[in-house]
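Please read these numbers as outputs of a predicted model, since none were measured by experiment. In what follows, chains carry the letters A, B, and so on, assigned in the order in which the sequence lines appear, proteins first and then strands, with residues in each chain numbered from 1.
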Number of protein chains: 2
Amino acid sequence: MTSQRAYHHGDLRRAVLTAALDVIRDSGPAGLSLRDLARRAGVSHAAPAHHFKDRAGLLTAIAAEGYGLLADALAEAPELRERGVRYVRFCREHPAHFQVMFAPELLRTDDPELLAARTRAGEQLRAGAGDLAVSERGEDAGLAGVAAWSLAHGFATLLLGRNLEEPLAGRDPEEVFRDLTGLLFQGS
Amino acid sequence: MTSQRAYHHGDLRRAVLTAALDVIRDSGPAGLSLRDLARRAGVSHAAPAHHFKDRAGLLTAIAAEGYGLLADALAEAPELRERGVRYVRFCREHPAHFQVMFAPELLRTDDPELLAARTRAGEQLRAGAGDLAVSERGEDAGLAGVAAWSLAHGFATLLLGRNLEEPLAGRDPEEVFRDLTGLLFQGS
DNA sequence: GCCCAATCTAGGCATTGACAAGTTTGCGTA
DNA sequence: TACGCAAACTTGTCAATGCCTAGATTGGGC
């Protein structure tokens, strides 16, 4: 019987992270309570603090994990358009991570782990933009990158905010996004 | 001397809204406290509740106001590209409104005033998309609209999240966005 | 001039985040 | 194997907050 909880949880850090992701997924970061997460994990109310220091620490850890996952997802994609699709897929598979990643006022933005993961993801984003600048008659690579990122990020954000339900009319978001890039990046 | 506050504030509703917008502008909705707003307005801690019911009510009022302002801003613009520029301008001039408008988990999404303002803004958005579908060889108007909205929304969101500081390198965001649309909507 | 409803105050309760101090446990080391 | 120490967790506490209820004040309409 494991009902008799041991003094040591085993992997409380992961348990709290997972529970937090659940809560954020359907209530947003605002619905998050450290004490509630502790209850869910079956530990005392102050236990999570030992792993994350405080609320901002927990959210920072989530953001860092998210940037890592995003970097991995982008790295798998061969070229720019597919990278955009991966971006959209990422926001659907990891909506909680995605939300927190782009809520800087909730994070400790100078956290080393966060910065490292963020940099890694940024490199993957810029790598994709490079492709575009070449195919797209040598325009400013930075500008093209911003365009592509804006498009993917806007689509992802609106999607998570349930703002595209009517226009999408039940179609698969990734498929629609593919059409979108086809519409805009006609040259490629 | 007005230092002797009257029992009635005069325009507490507006005062609380304004103070809330200030707080949200630089701390996000998470940093918002009704009691703090009451203190700033010099009233008792429960006074704001009479105007907004609760936290969600206040944020809903802000979102509704935001959609109204956005609808007005979009209505002024003659054609699609300029409408995108207005969208970006709006997010810079009313960052607090913008943030709250797209944080549905903080709002009472069935509030009549919110729905009305939201609908009005939606019409303005769709009106712009119609223009595009015509100029853009008759493609699905819905898809083109989603593309334009995604681009503007993504740019705006990344801008507010301070994610474009390096790529923009101090350039005026609106100007950059104009270039962006020029790059993507080559046909027009 | 009076009454009523809108506006604001005062008090209270449950919940939360953060902190401090103490307890238990596992693990490396001698 | 025994020891000691640091990591992991608990318990208790405090100030702050959201929200509720009941009561006080005020101004405008009849």
Side-chain angles (χ1 to χ4, degrees), chain A residues 1-24 26-63 100 103 105-108 111 113, chain B residues 1-24 26-63 100 103 105-108 111 113:
Chain A
M1 287 275 243
T2 57
S3 66
Q4 303 269 25
R5 254 197 344 87
Y7 194 93
H8 284 99
H9 176 282
D11 196 359
L12 180 58
R13 182 185 162 89
R14 190 66 250 170
V16 169
L17 278 173
T18 304
L21 291 170
D22 274 358
V23 173
I24 296 172
D26 36 65
S27 308
L32 197 125
S33 148
L34 291 182
R35 287 172 110 106
D36 176 52
L37 297 179
R39 278 190 291 266
R40 290 180 186 230
V43 295
S44 83
H45 63 84
H50 192 272
H51 292 273
F52 302 104
K53 167 76 175 168
D54 56 15
R55 221 182 122 86
L58 170 59
L59 292 169
T60 300
I62 290 176
V100 175
E105 66 277 357
L106 300 178
L107 309 177
R108 233 186 292 285
D111 178 83
E113 296 206 30
Chain B
M1 286 280 237
T2 56
S3 66
Q4 302 271 25
R5 253 196 345 85
Y7 194 92
H8 284 98
H9 177 281
D11 196 0
L12 180 59
R13 183 185 162 88
R14 190 66 250 169
V16 169
L17 279 174
T18 303
L21 291 171
D22 273 359
V23 173
I24 296 172
D26 36 65
S27 309
L32 197 124
S33 149
L34 290 182
R35 286 172 112 105
D36 177 51
L37 297 179
R39 278 190 291 267
R40 291 179 186 231
V43 295
S44 84
H45 63 84
H50 192 271
H51 292 273
F52 303 103
K53 168 74 176 168
D54 57 13
R55 219 183 123 88
L58 170 60
L59 292 169
T60 301
I62 291 176
V100 174
E105 67 276 356
L106 300 178
L107 309 177
R108 232 184 293 285
D111 178 83
E113 296 206 31

Checking D:dT13, C:dA10, D:dT10 against the side chain of A:His45 (C-beta onward), the nearest is D:dT13

Counting side-chain heavy atoms from C-beta on, which of C:dA18, D:dT10, C:dC8 comes nearest to B:Ser44? C:dC8

Calculate the interatomic distance between A:Asp36 atom CG and C:dG17 atom C1'; express it in whole Å. 14 Å

Counting side-chain heavy atoms from CB outward, which of C:dT9, D:dG18, C:dC19 is closest to B:Ala46? C:dT9

Output the rounded distance in Å from CG (B:Leu37) to C1' (D:dG18). 12 Å

With rounding to the nearest 0.5 Å, note down the distance linking CD1 in B:Ile24 to CG in B:Leu32. 5.0 Å

Is there a side-chain contact between A:Arg39 and the phosphate of C:dT16, meaning an N or O under 4.0 Å from OP1 or OP2? yes

From the candidates D:dT17, D:dT11, C:dT16, the one with an atom nearest any side-chain atom of A:Ser33 is C:dT16

Rounded to the Å, how far apart are B:Leu58 CG and D:dC19 P? 10 Å

How long is the gap from OG1 on A:Thr60 to CZ on A:Arg55, to the nearest 0.5 Å? 11.0 Å

Heavy atoms only, 4.0 Å cut-off, all strands: where does B:Leu32 land among base, sugar-phosphate and nothing? sugar-phosphate

Closest-nucleotide 5' rank along DNA chain C - winner of A:Lys53 and B:His51: B:His51

With no hydrogens and no angle check, is any side-chain donor or acceptor of B:Arg108 less than 3.5 Å from a backbone partner on B:Ala61? no

Using only side-chain N and O atoms of A:Arg13, determine if any of them is under 4.0 Å from OP1 or OP2 of D:dC9. no

With respect to the side chain of A:Arg35, which nucleotide from C:dG17, C:dA6, D:dC9 is positioned closest? C:dG17

Measure the spacing between NE2 of B:His51 and CG of B:Asp11 and express it to the nearest 0.5 Å. 8.0 Å

Please tell me which of the listed nucleotides, C:dC8, D:dC20, D:dG18, lies nearest to the side chain of B:Ala47? C:dC8

Would you say the side chain of A:Leu34 lies within less than 4.5 Å of the side chain of A:Val16, judging by non-hydrogen atoms? no

If you compare every side-chain N and O of B:His50 against the phosphate oxygens of C:dC8 (OP1, OP2), does one of them come in below 4.0 Å? no

Measure CG/A:Asp11 against P/C:dG26 and give the value in whole Å, please. 15 Å

